[in-house]
Every structure is written in structure tokens, then in C-alpha cells.
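All values below come from the heavy atoms of this structure, side chains included, with hydrogens, waters and symmetry mates left out.
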Amino acid sequence: MSITDVLSADDIAAALQECQDPDTFEPQKFFQTSGLSKMSASQVKDVFRFLDNDQSGYLDEDELKFFLQKFESGARELTESETKSLMAAADNDGDGKIGADEFQEMVHS
């Protein structure tokens with residue numbers, strides 16, 4: 001699966017443009033601009049599986065660091081503070097990782 005199978009390349013480019021500078025990544029803004037927030041719950045979970053590099057069923061901080069690069073290989077890495085903020089926004093049960101349901105809830109919140 002390619003991310004552009006489910007999201008428009010133009011929308012992804014626009015979302016990445018909005019957060020190209022370090023410490024400018026805002027998850028909700030990214031989800032809206034990229035079109036993720038308009039997707040069904042099952043489509044968001046498909047995107048989650050694409051983001052889950054090791055197919056563990058969870059996104060950990062190491063995977064979140066490269067979040068933007070999953071949308072475009074040339075995109076920057078998230079800063080440590082952005083990574084921790086993204087984790088805090090979605091990790092509802094406090095286990096230090098984001099499950100598919102937590103990711104979908106964050107995208108649609």
C-alpha cells in the first residue's frame with residue numbers, strides 16, 4: 001500500500017508544507033489538511049497499519065519520530081518535543097504506545 005492510494009498527493013504536500021519547520025507540527029491541523037480526518041474509522045486504521053513499521057499493532061516513539069516521512073520520504077523527522085506531544089495526545093491508556101483505536105480517536109477528535 002502507498003499512502004497516496006488513500007490520500008491525495010496534493011493534500012499530503014500541503015499538510016507537509018504547513019509543518020516543514022521544526023516544532024511546527026500540529027497533529028489536528030495535519031490530519032485535516034492531509035484529508036485523514038475526513039476518512040472513515042476503518043480507513044484511518046488502514047493508514048495506522050501503514051505507519052506501524054514493525055507491524056506490532058502499536059506506534060511507539062521511534063516510529064512517531066518518522067511519522068512525516070511515512071507520508072513523504074523527503075519530509076523531516078519530528079523533533080523530540082513533537083514526538084512526545086503526539087504520543088501524549090493519543091496514548092489514552094498511558095502505556096507509552098499508540099494502538100489503532102487510540103490513533104483513530106485522535107484523528108477524529
### Query
Which residues satisfy the side-chain hydrogen bond (donor to acceptor under 3.5 Å, both in side chains) test with Thr33, sequence neighbours excluded?
Glu18

## Note on the structure
Correct closest heavy-atom pair for Leu86 and Pro27 would be CD1-CG, 3.8 Å

### Under 3.5 Å side-chain donor-acceptor pair for Asp23 and Thr79
yes

#### Entry: ring-ring contact (aromatic ring centres under 6.0 Å, His included) contacts in which one or both residues fall within residues 67-87, not counting sequence neighbours
Phe25-Phe67, Phe30-Phe67, Phe30-Phe71, Phe67-Phe71

### Query
Yes or no on salt bridge (charged side-chain N to carboxylate O under 4.0 Å, His left out) for Arg49 and Asp46, after CA distance, side-chain angles and deciding distance?
CA-CA 5 Å; Arg49 284 188 282 281; Asp46 287 342; 2.4 Å; yes

### Query
Without hydrogens or angle criteria, can the side chains of Asp54 and Ser56 be said to hold a donor-acceptor pair below 3.5 Å?
yes

### Query
What are the two closest heavy atoms between Leu64 and Leu78, and how far apart are they?
O-CD1, 3.2 Å

### Message
Counting only heavy atoms not in Glu80 (residues, nucleotides, ligands), do more than 12 fall under 6.0 Å from its CD?
### Response
no

### Query
Under 3.5 Å, is there a donor-acceptor pair between the side chain of Asp5 and the main chain of Ser2?
yes

### side chain to side chain contact (heavy atoms under 4.5 Å, CB included) assessment of Leu7 paired with Asp11
CA-CA 7 Å; Leu7 294 171; Asp11 289 346; 5.9 Å; no

#### Entry: Any Glu105 side-chain heavy atom under 4.5 Å of Asn92 side chain
yes

### Query
Looking at Ala75 and Leu16, what are the two nearest heavy atoms and their distance?
CB-CD2, 4.0 Å

### Task
Scan for ring-ring contact (aromatic ring centres under 6.0 Å, His included) pairs involving residues 45-66, sequence neighbours excluded, and state none if there are none.
Phe48-Phe103

### Query
Out of curiosity, Asp52 CG to Lys97 NZ, how far, rounded to the nearest 0.5 Å?
10.5 Å

### For the student: nearest non-hydrogen atoms of Gly96 and Met87, plus distance
O-CE, 3.3 Å

All N/O donor-acceptor pairs, side-chain side in residues 38-45, below 3.5 Å, sequence neighbours left out:
{"from": "Ser40", "atom 1": "OG", "to": "Ser42", "atom 2": "OG", "distance (Å)": "3.3"}
{"from": "Ser40", "atom 1": "OG", "to": "Gln43", "atom 2": "N", "distance (Å)": "3.1"}
{"from": "Ser40", "atom 1": "OG", "to": "Gln43", "atom 2": "OE1", "distance (Å)": "3.3"}
{"from": "Gln43", "atom 1": "OE1", "to": "Ser40", "atom 2": "N", "distance (Å)": "2.8"}
{"from": "Lys45", "atom 1": "NZ", "to": "Asp101", "atom 2": "OD1", "distance (Å)": "2.6"}

### Message
Measuring from atom OG1 of Thr4 to atom CG of Asp10, what distance do you get when rounded to the nearest 0.5 angstrom?
### Response
11.0 Å

### Message
Considering only residues two or more places apart or on different chains, which pairs with a residue in residues 55-76 satisfy salt bridge (Lys or Arg N to Asp or Glu O under 4.0 Å)?
### Response
Glu61-Lys84, Lys65-Glu77, Arg76-Glu82

### Message
Donor-acceptor check, side chain of Asp21 to backbone of Thr24, threshold 3.5 angstrom: yes or no?
### Response
no

### Summary
Residues Glu102 and Ile98: closest non-hydrogen pair is OE1-CA, 3.3 Å

## Note on the structure
Taken in chain and number order and not counting sequence neighbours, the residues that satisfy side-chain hydrogen bond (donor to acceptor under 3.5 Å, both in side chains) with Glu26 are none

